[in-house]
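As the structure is a prediction and not an experimental result, all values here were calculated from the model. First listed ligand is number 1; within each ligand, the first listed atom is number 1.
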Amino acid sequence: MITKHYKIDRKNIETASAILSEAGETIRNGGLVVFPTETVYGLGANALREEASKKIYRAKGRPSDNPLIIHIANLKDLPTIAKEIPNAAYLLAKKFWPGPLTMIFNKSKDVPDTTTGGLSSVAVRMPDDEIALGVIRCGGGFVAAPSANTSGRPSPTKACHVADDLDGKVDMIIDGGDCTIGLESTILDMTVSPFAILRPGAITAEMLEEVIKEKVTSSSGKALKEDTAPKAPGMKYRHYSPKAKLVLIAGEVGKVADYINERIGEALSDGGVNGDCIGIIASEEIANRYSEELRRAGSNLESTDLQKRVIVKTIGNRADASGIAANLYRILREFDAEDVSVIYSEVFPEEGIGIAIMNRLTKAAGYEIIYV
Ligand code: AMP
Ligand code: MG
């Protein structure tokens with residue numbers, strides 16, 4: 001299949017109506033369209049047609065029991081696909097939709113089992129992105145859209161990430177620039193009591209509780225706790241994984257830097273991982289500790305050789321969790337392309353969106369954490 005590539009300039013979004021109409025028509029005809037959202041890029045198809053949502057699973061190489069999220073553009077469309085909607089859902093929709101919150105309800109008979117991976121529940125979200133909302137409206141109102149990556153790879157936050165995974169496998173890719181949040185939505189199960197967060201995202205438990213005035217539970221708990229057994233269907237799959245082995249280092253930041261500097265020293269010495277390249281994810285606060293070590297330990301190497309052996313990427317300031325979230329998947333994908341064999345990363349404070357950052361990082365690391 002030949003994939004059509006379009007780019008939409010958000011400053012002149014009115015000029016994009018022809019692209020949005022074509023995207024909508026493609027979806028109504030059962031095709032696949034990739035579009036940006038504020039979280040990550042989505043791979044969209046008509047959620048109410050079985051053959052259309054089957055195509056999503058095929059293009060992504062996604063196991064058929066890993067359910068899709070249905071994206072809507074109007075709150076009044078919710079009862080078409082969901083039953084027994086609690087009042088709290090309307091309070092949350094009023095506050096957080098459009099936005100990075102997915103809610104799970106019992107599904108109506110209009111939703112095919114393929115879309116929900118065989119479950120009797122359905123996940124629904126209204127994205128906060130003019131392009132996404134335009135595609136959904138033009139596409140008939142109900143668009144199943146998981147992240148637009150090959151299953152198991154980090155989610156795409158730029159159109160070039162999508163093209164790397166899905167060029168030739170989808171009808172259309174719409175480039176709308178970088179995703180602002182960069183991590184997938186918070187998923188809240190509204191079919192249980194108390195309501196339960198199945199996946200942390202930009203909207204935290206505290207933000208939800210403040211609106212509904214009741215407690216919500218988080219099944220995965222804090223990422224660094226032992227209790228990290230998957231509870232949501234689909235979460236049993238190894239998600240967000242880079243090609244390299246990712247190792248997280250937890251502890252006081254100075255000690256973390258010392259530990260990783262030892263690994264740099266090893267990589268650059270003859271007795272180390274000869275020929276192998278290591279990647280380092282560094283906050284701005286720690287990055288200069290690594291550059292000092294690189295200068296010291298690498299002084300006897302050619303600079304090209306040095307760059308081949310150790311690659312340090314700055315992910316953002318530790319005080320700016322949103323910035324770190326927005327850079328995470330891009331950095332993991334860059335390390336994939338650079339073929340590093342191991343990536344070391346410090347851990348980040350588990351507050352606000354930091355909980356979601358650590359959820360994705362610990363999964364990508366296969367829960368391997370070294371405490372120093
Ligand atoms: P993605 O859109 O790629 O982030 O994947 C959607 C994720 O939403 C799935 O992997 C599930 O974890 C979750 N999900 C979707 N529908 C349901 C549902 N009905 N019940 C529980 N989790 C769901
Ligand atoms: Mg995904």
Side-chain angles (χ1 to χ4, degrees), residues 32 34-45 47 53 56-72 78 81-85 89 100-108 110-127 129 132 136 142-157 161-162 165-166 179 181-192 195-203 217-220 228-242 325 328-329 332-333 356 359-360 363-364:
L32 298 179
V34 175
F35 54 86
T37 82
E38 81 281 31
T39 58
V40 300
Y41 273 78
L43 168 54
S53 58
I56 293 181
Y57 289 95
R58 234 177 285 137
K60 280 180 61 88
R62 181 177 177 111
S64 62
D65 61 349
N66 190 354
L68 309 177
I69 295 172
I70 301 186
H71 291 66
I72 59 173
L78 181 61
I81 49 176
K83 287 191 309 189
E84 291 123 30
I85 303 165
L101 173 67
T102 296
M103 289 188 271
I104 293 174
F105 308 100
N106 289 321
K107 84 174 180 73
S108 81
D110 288 354
V111 182
D113 286 341
T114 23
T115 302
T116 61
L119 295 174
S120 58
S121 58
V122 62
V124 190
R125 175 167 109 84
M126 190 189 296
D129 182 301
I136 297 162
F142 301 95
V143 175
S147 51
N149 53 311
T150 298
S151 211
R153 292 212 62 201
S155 294
T157 57
H161 299 161
V162 176
D165 286 10
L166 297 177
C179 299
I181 295 177
L183 293 179
E184 303 84 348
S185 59
T186 302
I187 300 182
L188 185 65
D189 188 349
M190 306 299 290
T191 69
V192 293
F195 306 133
I197 293 180
L198 302 184
R199 175 175 75 188
I203 295 174
T217 60
S218 303
S219 57
S220 61
T228 39
K231 299 240 167 61
M235 293 192 177
K236 66 186 176 189
Y237 298 106
R238 190 165 176 252
H239 268 136
Y240 326 116
S241 49
L328 177 62
Y329 287 147
L332 292 178
R333 278 183 175 260
N359 168 269
R360 307 312 191 265
K363 278 187 176 190

> Relative to atom 15 (C) of ligand 1, which among Pro67, Ala145, Ser121 owns the nearest non-hydrogen atom?
Replying inline: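 Going through Pro67, Ala145, Ser121 one by one, Pro67 has the nearest heavy atom to atom 15 (C) of ligand 1.
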> Heavy atoms only: which of Gly42, Ser147, Ala148 is nearest to atom 1 (P) of ligand 1?
Replying inline: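 Answer by nearest heavy atom: Ser147.
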> Which of the atoms of ligand 1 are close to Ile104, meaning less than 4.0 Å from one of its heavy atoms?
Replying inline: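 Matching atoms, with element in brackets: 17 (C), 18 (C), 20 (N), 21 (C), 22 (N), 23 (C).
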> Can you list the atoms of ligand 1 that are under 4.0 Å from a heavy atom of Leu119?
Replying inline: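 What qualifies from ligand 1 is 18 (C), 19 (N), 20 (N).
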>> Please confirm whether Ile187 approaches ligand 1 to less than 4.0 Å, judged on its heavy atoms.
In response: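 A heavy atom of Ile187 does come that close to ligand 1.
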>> Check contact between Val40 and ligand 1, using heavy atoms of the residue and a distance below 4.0 angstrom.
In response: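 So Val40 does not count as touching ligand 1.
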> Is there a nitrogen or oxygen of Lys60 sitting under 3.5 Å from a nitrogen or oxygen of ligand 1?
Replying inline: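 In fact, backbone or side chain, Lys60 has no N or O that close.
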> Backbone or side chain, does any N or O of Arg199 fall under 3.5 Å from an N or O of ligand 1?
Replying inline: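 Yes, at least one N or O pair falls under 3.5 Å.
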> Is it the side chain, the backbone, both or neither of His71 that has a heavy atom closer than 4.0 Å to ligand 1?
Replying inline: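 Under 4.0 Å from ligand 1, His71 contributes no heavy atoms.
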>> Using 0.5 Å steps for rounding, measure from the OG1 atom of Thr116 to the CG atom of Asp65.
In response: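 One finds 11.0 Å between OG1 of Thr116 and CG of Asp65.
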> In Å and rounded to the nearest 0.5 Å, what is the CZ to OG distance from Phe105 to Ser121?
Replying inline: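 Here the interatomic distance stands at 11.0 Å.
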>> Would you say the Mg ion (ligand 2) has Ser147 as a near neighbour, meaning an N/O/S atom of that residue under 2.8 Å away?
In response: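 It does: Ser147 brings an N, O or S atom closer than 2.8 Å to the Mg ion (ligand 2).
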> Side chains of Asn149 and Ser147: is there a donor and an acceptor less than 3.5 Å apart?
Replying inline: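 Short answer, yes.
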>> Just by distance, no angles: are the side chains of Ser155 and Arg360 close enough, under 3.5 Å, to form a donor-acceptor pair?
In response: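 There is no such pair between these side chains.
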>> Which residues pass the salt bridge (Lys or Arg N to Asp or Glu O under 4.0 Å) test with Asp113, not counting sequence neighbours?
In response: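 Checked Asp113 against salt bridge (Lys or Arg N to Asp or Glu O under 4.0 Å); matches are Lys107.
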>> Going by salt bridge (Lys or Arg N to Asp or Glu O under 4.0 Å), name the residues that satisfy it together with Lys60, two or more places apart in sequence or in a different chain.
In response: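 Salt bridge (Lys or Arg N to Asp or Glu O under 4.0 Å) check on Lys60 returns nothing, list empty.
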> Stepwise, does the side chain to side chain contact (heavy atoms under 4.5 Å, CB included) test hold for Val111 with Lys83?
Replying inline: CA-CA 11 Å; Val111 182; Lys83 287 191 309 189; over 6 Å; no
